Number of protein chains: 2
Amino acid sequence: MDYEDAIAALADPTRRVIIDRLRSGALPVGAIAQGMTISRPAVSQHLRVLSDAGLLTVTPAGNRRLYAIAPEGVAGLRAYLDSLWDDAFAAFARAAEEKAKENNDE
Amino acid sequence: MDYEDAIAALADPTRRVIIDRLRSGALPVGAIAQGMTISRPAVSQHLRVLSDAGLLTVTPAGNRRLYAIAPEGVAGLRAYLDSLWDDAFAAFARAAEEKAKENNDE
DNA sequence: ACGAATCGTAAGCAATGGCTTACGGTAAGT
DNA sequence: ACTTACCGTAAGCCATTGCTTACGATTCGT
């Protein structure tokens, strides 16, 4: 859907670190910020960007808020890249064939 | 080469427009810049970023320089996203099962 | 050999983005 | 009820980035 926001969100290295920490499952903000060099509010801001991009889901659990990776958001990006790869490979193969024919002509 | 540079390069909307123009095959700089709102040097700068990220190949052809999408660069990004999707989906399924068991207990 | 075309690069400027500190708001513990 | 813990938001600062104009280098056409 909005793969554009998703790719912009994942372009930031810090946000990829956050995503990596959520690979094994949902975590509250404090646990995510734990051991990171930036402040907790900074992490919150990054989480906001990732959620807005559709890459994370938020589930309030009492005192805390659990963030988890949204598979659908990742799927959107995959669809874009798959389409891009199909076209890129087709164009590449076509160019290679073109070149082979050229070499044959001489 | 690095998927990190590749995703950062594709995060820019203007650079995605450039990539889209190369989907059907290689083009010289002038043809790419044709019809775009930004100046030709600006396009050159974007092409530089995309090449450095391993997303484009450059082949000098006499007076001009032909830019084409590098399938390998796109493949690197796909690998990262595939890995991310695998983990995200596994965590999602695990969480769903966890929740189902909870509902059973009461 | 000379002029035109194609393209990359440098310098400078305006805009965007990420970080920190400070603060407010809600839920849990006692 | 009061304190503590957890978290989001606002304001401000600094670095990065994307754009333009100006210039230099290389190649094609005549």
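In what follows, every chain begins at residue 1, and chains take the letters A, B, ... in the order their sequences are listed. Small disclaimer: the values here were computed from a predicted structure and weren't measured.
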* Asked: Does a side-chain N-to-carboxylate-O contact under 4.0 Å join A:Asp20 and A:Arg16?
  ->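 Judged by the 4.0 Å cut-off on N to carboxylate O distance, A:Asp20 and A:Arg16 do not form a salt bridge.
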* How far apart are the C-alpha atoms of B:Asp52 and B:Asp5, what are their side-chain angles, what is the distance that settles it, and do they pass the side-chain contact (heavy atoms from CB on, under 4.5 Å) test? -> CA-CA 8 Å; B:Asp52 286 350; B:Asp5 293 335; over 6 Å; no
Expressed as a whole number of angstroms, how long is the span from [X]:[atom1] to [N]:[atom2]?
{"X": "B:Tyr67", "N": "C:dC7", "atom1": "OH", "atom2": "C1'", "value": "8 Å"}
{"X": "A:Leu10", "N": "C:dG18", "atom1": "CG", "atom2": "C1'", "value": "16 Å"}
{"X": "B:Ile38", "N": "C:dC7", "atom1": "CD1", "atom2": "P", "value": "15 Å"}
{"X": "B:Asn63", "N": "C:dG8", "atom1": "CG", "atom2": "P", "value": "11 Å"}
{"X": "A:Met36", "N": "C:dT20", "atom1": "CE", "atom2": "P", "value": "10 Å"}
{"X": "B:Gln45", "N": "C:dT9", "atom1": "CD", "atom2": "P", "value": "9 Å"}

* **Co-membership, hydrophobic cluster, residues A:Ile18 and A:Val49, 4.5 Å side-chain** =>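 A:Ile18 and A:Val49: separate clusters.
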* **Common cluster, A:Phe92/B:Ile32, ILVMFWY with side-chain heavy-atom separation under 4.5 Å** =>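 Result: no, two separate clusters.
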* Taking only the side-chain heavy atoms of A:Ser39 (C-beta and beyond), determine which of C:dC7, C:dT20, C:dG18 contains the nearest atom. =>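 Minimum distance to the A:Ser39 side chain belongs to C:dT20.
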* Ignoring backbone atoms, establish whether A:His46 has a side-chain N or O less than 4.0 Å from OP1 or OP2 of C:dC19. =>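 For C:dC19, OP1 or OP2 has a side-chain N or O of A:His46 closer than 4.0 Å.
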* Any side-chain N or O of B:Ser44 less than 4.0 Å from the OP1 or OP2 oxygen of C:dG8? ->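 It does, given that an N or O in the side chain of B:Ser44 lies less than 4.0 Å from OP1 or OP2 of C:dG8.
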* From CA spacing to verdict: side-chain contact (heavy atoms from CB on, under 4.5 Å), A:Arg15, A:Leu10 -> CA-CA 6 Å; A:Arg15 283 195 282 264; A:Leu10 282 181; 5.7 Å; no
* To do: Using the heavy-atom set of chain B and a strict 4.0 Å cut-off, write down the first and last nucleotide of DNA chain D that makes it in, 5' to 3'.
  =>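 The contacted stretch runs from D:dG18 to D:dC28.
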* To do: Could you check if a side-chain atom of B:Asp87 sits within less than 4.5 angstrom of a side-chain atom of A:Ser24, using non-hydrogen atoms only?
  =>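 Sidechains of A:Ser24 and B:Asp87: no contact.
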* **Along DNA chain C (nearest heavy atom to each residue), the more 5'-positioned of A:Pro41 and B:Leu47** =>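 This one resolves to B:Leu47.
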* Which heavy-atom pair separates A:Asp2 from A:Ala53 by the least distance, and what is that distance? ->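 That closest heavy-atom pairing would be OD2-O, 3.8 Å.
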Could you list the donor-acceptor pairs under 3.5 angstrom formed between side-chain atoms of residues 58-82 of chain B and any protein atom two or more places apart in sequence or on another chain?
residue: B:Arg78; atom: NH1; partner: A:Asp82; partner atom: OD1; Å: 2.7
residue: B:Asp82; atom: OD1; partner: A:Arg78; partner atom: NH1; Å: 2.7

* To do: To the nearest 0.5 angstrom, please state how far the CG atom of B:Leu50 sits from the OG1 atom of B:Thr57.
  =>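 Between B:Leu50 CG and B:Thr57 OG1, I get 11.5 Å after rounding to 0.5 Å.
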* **Bending between helix ends of the helix from C:dA1-D:dT30 to C:dT30-D:dA1 [5 pairs per end, 10° resolution]** =>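 One end axis against the other gives 30°.
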* When only distance counts, do a donor and an acceptor, one from the side chain of B:Arg40 and one from the base of C:dG8, lie under 3.5 Å apart? ->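 It does, because a donor-acceptor pair links the side chain of B:Arg40 to the base of C:dG8 below 3.5 Å.
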